[in-house]
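Report on the structure given below.
Chain naming here is simple, since letters A, B, ... match the order of the sequence lines and numbering starts at 1 in each.
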There are 2 protein chains.
Amino acid sequence: MSLPHMSESTEMYLKALAELGDRDVSIARLAERLGVTPVSANEMIRRLGEQGLVAHMPYKGVTLTEKGREAAANVLRRQRLWEVFLYEHLKIEWAKIYELACSLEHATAPEVTEALAAFLGNPTVCPRGNPIPDANGAFAPLEGRSLREMAAGETVTVRAVNATSTEVLKYLQEKGILPGARVTVIEAAPLDGPLTLLVNGREAALGLSMAEFVIVEKTVNEGR
Amino acid sequence: MSLPHMSESTEMYLKALAELGDRDVSIARLAERLGVTPVSANEMIRRLGEQGLVAHMPYKGVTLTEKGREAAANVLRRQRLWEVFLYEHLKIEWAKIYELACSLEHATAPEVTEALAAFLGNPTVCPRGNPIPDANGAFAPLEGRSLREMAAGETVTVRAVNATSTEVLKYLQEKGILPGARVTVIEAAPLDGPLTLLVNGREAALGLSMAEFVIVEKTVNEGR
DNA sequence: AAAAATGTTATGGTTGACCTTATTATTTCA
DNA sequence: TGAAATAATAAGGTCAACCATAACATTTTT
Ligand SMILES: [Mn+2]
Ligand SMILES: [Mn+2]
Ligand SMILES: [Mn+2]
Ligand SMILES: [Mn+2]
């Protein structure tokens with residue numbers, strides 16, 4: 001077992017596919033998230049297809065194979081374990097841990113991954129609220145809906161933040177939109193305009209493309 | 001300040017030069033340590049020269065510039081801090097930490113380096129006995145001589161192990177040739193033959209190319 | 001002072017992961 | 001049902017870091 005070691009680029013493609021929902025992801029969306037041109041993403045997807053990691057149905061999208069899904073889960077595991085370490089032990093700012101862990105993930109041997117997990121007490125959730133796959137790649141897929149879909153008047157609890165850009169994460173951090181936060185939608189502007197939110201007693205504006213990456217649950221009546 | 005980010009390859013060349021003594025290192029030796037051909041090392045050294053990181057005097061050797069020395073010290077800092085973490089906190093086998101830390105070192109942002117150092121309590125020595133440069137690149141160059149130069153009858157204390165191959169480190173670990181160990185040279189075979197040592201009451205044979213990487217100090221009479 | 005060994009440079013390749021600028025195919029929408 | 005938008009391919013490059021083989025230069029040894 002244990003593949004001959006994947007390149008950083010390969011791992012990032014697989015991880016991005018997993019983060020984007022791992023079925024029928026358009027190459028354009030993938031390219032955008034990875035910051036490459038669609039042509040480049042297309043080439044790379046062809047290579048990944050040849051290695052049996054993804055299946056590409058032209059005009060439909062890219063889907064991880066079982067092999068690809070496992071590899072992607074392993075990257076997510078490393079990423080999120082490092083996030084826990086950076087946040088809990090090194091006390092690094094929440095908004096920065098994604099990017100910093102994203103470098104470390106590719107340099108982490110299986111032995112280090114497992115020792116790190118043990119050191120951290122086998123956490124199952126990262127500081128951004130996302131589940132950490134276990135050593136076999138299994139994890140409970142995140143429940144909840146995107147904040148983007150919420151209507152005015154609804155009050156929700158933030159479960160996870162799926163954004164990856166440090167800039168976006170900084171904005172969310174400043175506004176207090178972190179896992180566990182209670183958020184009320186005051187207004188959803190028309191024409192795909194921004195949401196106006198109430199977070200921790202303060203108002204915050206949030207564009208839909210950012211709201212998309214905030215995963216929430218309807219707040220069940222659990223006392224105030 | 002802070003360079004535009006060096007490639008892993010660049011960092012490894014600089015680190016190897018620092019480990020090999022950082023003045024007048026022959027390209028052949030460098031190539032050997034890095035596992036590339038002399039021609040490849042030559043090309044790379046030309047590139048590093050263009051970037052002002054090394055100076056190459058043909059037929060004399062390669063020497064780090066001040067800029068190169070600083071960059072190399074920073075790589076060593078990251079490498080050795082990770083070694084401490086892997087050994088002390090993740091409880092990874094001594095012989096494996098060099099190689100595992102050697103991957104992590106290139107993926108470690110300055111912010112992580114400094115937070116890690118603080119987390120570890122700003123250690124000044126790694127588990128292999130080598131000094132850890134401070135944030136400015138300063139460190140006490142290792143005192144002591146190579147075990148290779150010792151004559152029969154001498155008793156020495158191991159200060160550091162400069163080997164990098166996991167295989168070699170495993171051998172040394174098995175024989176107990178670790179920092180702090182008391183070693184007596186029983187015999188130095190002629191014709192560059194192996195040393196016979198007494199370590200922890202047991203005999204061990206050690207070829208000169210391995211002994212070269214074991215840095216020792218004459219044991220000062222400090223009790224029996 | 002040759003010869004041998006060692007070190008350097010020249011040439012020409014490869015590979016992965018990018019790029020741009022067409023061109024062509026498909027889907028979606030007016 | 002056509003036109004527009006979107007997606008895919010083709011074609012030709014770049015760049016870093018490797019490789020091998022061969023020619024040439026210097027140093028070391030005999
Ligand atoms: Mn990454
Ligand atoms: Mn390394
Ligand atoms: Mn060339
Ligand atoms: Mn081509």
Practice prompt. State whether B:R77 and B:E114 are salt-bridged, where the test is any N-O pair (Lys NZ or Arg NE/NH1/NH2 against Asp/Glu carboxylate O) under 4.0 Å.
Written response: yes
Nearest listed nucleotide, side chain of [X], among [options]:
| X | options | result |
| --- | --- | --- |
| B:S26 | C:dG7, D:dT21, D:dA17 | C:dG7 |
| A:V39 | C:dT20, C:dC18, D:dA17 | C:dT20 |
| A:P58 | D:dT21, D:dA7, D:dT9 | D:dT9 |
| B:E43 | C:dA17, C:dG7, D:dC18 | D:dC18 |
| A:Y59 | D:dA8, D:dC18, D:dA10 | D:dA8 |

From [atom1] of [X] over to [atom2] of [N], roughly how many Å is that when rounded to an integer?
| X | N | atom1 | atom2 | answer |
| --- | --- | --- | --- | --- |
| B:H106 | D:dA16 | NE2 | C1' | 16 Å |
| A:D24 | D:dA8 | CG | P | 11 Å |
| B:E11 | D:dA17 | CD | P | 11 Å |
| A:R47 | C:dG16 | CZ | C1' | 6 Å |
| A:Y13 | C:dA17 | OH | C1' | 8 Å |
| B:I45 | D:dA16 | CD1 | P | 16 Å |
| B:H5 | D:dA16 | NE2 | P | 15 Å |
| B:I27 | D:dT26 | CD1 | C1' | 14 Å |

Discussion item. What contact category does B:S40 fall into here, base, sugar-phosphate, or nothing, at under 4.0 angstrom with non-hydrogen atoms?
Written reply: base
Item to complete: Would you mind classifying the nucleic acid contact of B:T37 as base, sugar-phosphate or nothing, using non-hydrogen atoms under 4.0 angstrom?
Response: sugar-phosphate
Worksheet entry | Heavy-atom closest pair, residues A:E217 and A:G144 | CG-CA, 4.3 Å
Response to the item:
Which of B:E8, B:E105, B:E111, B:E11 passes salt bridge (charged side-chain N to carboxylate O under 4.0 Å, His left out) with B:R78? Answer is B:E11
Discussion item. Can you list everything that forms a side chain to side chain donor-acceptor pair (under 3.5 Å) with B:S146? Sequence neighbours excluded, please.
Written reply: none
Discussion item. Going by side chain to side chain donor-acceptor pair (under 3.5 Å), name the residues that satisfy it together with A:Y13, two or more places apart in sequence or in a different chain.
Written reply: none
Would you say [X] reaches [N]'s phosphate, i.e. side-chain N/O to OP1/OP2 under 4.0 Å?
| X | N | value |
| --- | --- | --- |
| A:N42 | D:dT9 | yes |
| A:S9 | C:dC18 | yes |
| B:S7 | D:dA17 | yes |
| A:H56 | D:dA8 | yes |

